[in-house]
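Before any comments, here is the structure.
Start at 1 and go down the list; that is how both ligands and their atoms are numbered. Numbering starts at 1 and runs along the sequence shown. For clarity, every value in this text was computed on a predicted model and none was experimentally measured.
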Amino acid sequence: MSQTSQKISIFGLGYVGSVTAACLASRGHDITGIDVQADKVAKINAGQAPIGEPGLDELIDQQVKGGHIRATIDPDAAATTDISLICVGTPSTASGELDLTFVNSVCQQIAAMLENSGKKHAVVFRSTMLPGSVRRLTQQHFAPFIDSGKLSIYFLPEFLRQGSAIADFQDPSLSAIGVFDPAQEQIVREPVTHILDDGIAIVELEAAELLKYSCNAFHAAKVSFANEIGRIAKGFDTDGAKVMELLCSDTRLNISSYYMRPGNPYGGSCLPKDVSALSHFARSLNVAAPTLDSLLPSNQSHLEHLIKLVEQTGQKSITLIGIAFKNNTDDLRGSALVKLAHALLLKDYQVTIYDPLVSPDSLVGMNKRYASAKLPGLESLLKTDLSDAIPAQGTLVISKPCATLDELRPLLNEQHHLIDVNGWRELQTLPAHYHGLCW
Ligand SMILES: NC(=O)c1ccc[n+]([C@@H]2O[C@H](COP(=O)([O-])OP(=O)(O)OC[C@H]3O[C@@H](n4cnc5c(N)ncnc54)[C@H](O)[C@@H]3O)[C@@H](O)[C@H]2O)c1
């Protein structure tokens, strides 16, 4: 991180704003804190933390005495600074909707301040807001300043946790900044660069906004999952904490990025059956497990999303490249692609399948029974030659790389649509219309 001192105003001196003020001041920046609550402002000016957070009193006292932080209720004080950080609350309305009243009023104050100022300025939103909020607020309040090149806008989500906020701020577990257009943006442009962490990820505004919510939703999902496993364990007198401790000790499949990439719905012979059995078991113990109960419906929703994407391409001939439930297997049991083929056939689509690992002659046992029950005409749909599987016009649903780009390229043209199910981004180089499943 660059050490150049910046003049920074911080709107909102609550948990995020006061920690940010103290930490940025301790890095040598000159901080003007602005809050509508005069008592918070007075506390800071008296060298006290306006909220309870370990270590914050000492840090604020030090920085106020050193002349690096002053607080005020006057929003125009931001005029003397180069950057405004917006850290005001974004509560929920009574109906659960996001309430942007405080952010809106700060934007109005900053816009009024900019009207009367000749200086360049950067506005950095830190308040947690839903995707699209920053772009909308910018259009609503700041369009003329953006057009004249006087203002730049960023969204810098905050990931600190109350109770360890100072340590989290100084050594964040994740840093990303949202900009209008990551391809164009020279983010690393004065003055914002001086408050950014080294190696910060630069993404588009909406991705940064969603990232913050995704992290919190993920944390909530983890807590709910652990609590449900705990309740189930308690239901038959075993130690749920031990089960979760062991689960977490697997850092290859469990606590890792494995299974954390959007892609095809899960399938196979284990996940759907075992999720179903565990939900059922919880019910038999009279244990509520709504998170577990939601896993199969969530998977079904993802399959429906894939079906809709296929339909939206407007083609009647559909080729599935890959039909097994994952790469390097011929197992069709629980495969989302088998379900997709079945759903499309019911809707009168012409379906062909190319998957060199799957041949009706070699399918045995449960795998064969599953295939015959779910896709009775599998033999006639499967093509051994890629060129027989791909018609002159149609949609390809590519779930695994069982044909190479070089094999696909000569068979495709602008009459073809490609649906990339698992993030094989090089497919975009092929001469066809590319559609990502979740990107
Ligand atoms: N608390 C956390 O741990 C945490 C962590 C990460 C992100 N966030 C997000 O950061 C944002 C702020 O959270 P917080 O916990 O610090 O909120 P908070 O309620 O503690 O503080 C918000 C402050 O904004 C002030 N304010 C309201 N309108 C204002 C205005 N027009 N001008 C100046 N100040 C104004 C309020 O008086 C208050 O002091 C929220 O969007 C929150 O979701 C919070």
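- With 3.5 Å as the limit, one finds a donor-acceptor pair spanning the side chains of Asp293 and Ser279.
- Electrostatic pairing of Asp39 and Lys43 does not count as a salt bridge here, judged by no charged N lying under 4.0 Å from a carboxylate O.
- Of all protein heavy atoms, the one closest to atom 6 (C) of ligand 1 is Glu158 O, 3.3 Å.
- Atom 19 (O) of ligand 1 has as its closest protein heavy atom Gly89 CA, 4.7 Å.
- Side-chain atoms of Lys326 and Lys400, non-hydrogen and from C-beta on, never get closer than 4.5 Å to each other.
- For atom 41 (O) of ligand 1, the nearest protein heavy atom (residue, atom name, distance) is Thr90 OG1, 2.5 Å.
- Looking at heavy atoms from C-beta onward, Phe180 lies in side-chain contact with Thr138 at the 4.5 angstrom threshold.
- Considering backbone and side-chain atoms alike, Ser127 places every N or O at 3.5 Å or more from each N or O of ligand 1.
- Taking a 6.0 Å sphere around CZ of Arg409, one finds it holds more than 12 heavy atoms contributed by other residues, nucleotides or ligands.
- Atom 11 (C) of ligand 1 has its closest protein heavy atom at Val88 O, 3.4 Å.
- The pair Lys308-Glu311 does not count as a salt bridge, with every side-chain nitrogen at least 4.0 angstrom from each carboxylate oxygen.
- Among all non-hydrogen protein atoms, the one lying nearest atom 5 (C) of ligand 1 is Leu160 O, 3.5 Å.
- When the heavy atoms of Ile51, Ile34, Ile86 are ranked by distance to atom 33 (C) of ligand 1, first place goes to Ile34.
- Ligand-side atoms of ligand 1 in range of Gln37: 36 (C), 37 (O), 38 (C), 39 (O), range being under 4.0 angstrom from any heavy atom.
- The nearest heavy-atom contact from the protein to atom 18 (P) of ligand 1 is Gly14 CA, 4.0 Å.
- Few gaps surround NZ on Lys119; more than 12 heavy atoms of other groups in view lie less than 6.0 Å from it.
- Below 30°, between 30° and 60°, or above 60°: for His435 and His417 the angle between ring planes is below 30°, a parallel geometry.
- Inspection of the His121 and Ser84 side chains reveals an N or O donor paired with an N or O acceptor under 3.5 Å.
- Residue-level proximity to ligand 1 for Ser105 is carried by the side chain, the only part with a heavy atom below 4.0 angstrom.
- Residue contacts with ligand 1 for Met129 are absent, since no atom lies close enough (heavy atoms, distance under 4.0 Å).
- Between the side chains of Gln300 and Glu304, at least one donor-acceptor pair of N or O atoms lies under 3.5 Å.
- Considering backbone and side-chain N/O atoms, Lys40 comes within less than 3.5 Å of an N/O atom of ligand 1.
- Nearest to atom 25 (C) of ligand 1 by heavy-atom distance, out of Asn216, Asp39, Asp35, Val16, is Asp35.
- Ring geometry for His302 versus His305: interplanar angle under 30°, hence parallel rather than tilted (30 to 60°).
- Counting protein heavy atoms under 4.0 angstrom from atom 16 (O) of ligand 1 gives one or more.
- The atoms of ligand 1 that sit less than 4.0 Å from any heavy atom of Val106 are 30 (C), 31 (N), 32 (N).
- The atoms of ligand 1 that sit less than 4.0 Å from any heavy atom of Gly12 are 23 (C), 24 (O), 25 (C), 33 (C), 34 (N).
- The protein heavy atom nearest to atom 9 (C) of ligand 1 is Thr128 OG1, 3.4 Å.
- Only the side chain of Lys212 comes within contact range of ligand 1, with a heavy atom under 4.0 Å; no backbone atom does.
- For the pair Arg231 (side chain) and Ala288 (backbone), a donor-acceptor distance under 3.5 Å is present.
- Checked by distance only, ligand 1 and Arg161 stay at 3.5 Å or farther apart across all their nitrogen or oxygen atoms.
- Looking from atom 3 (O) of ligand 1 to the surrounding protein, the closest heavy atom is Gln162 OE1, 3.3 Å.
- Here Cys87 has backbone heavy atoms under 4.0 Å from ligand 1, and that is the only part of it that gets that close.
- A donor-acceptor pair shorter than 3.5 Å cannot be found between the side chains of Asp406 and Thr404.
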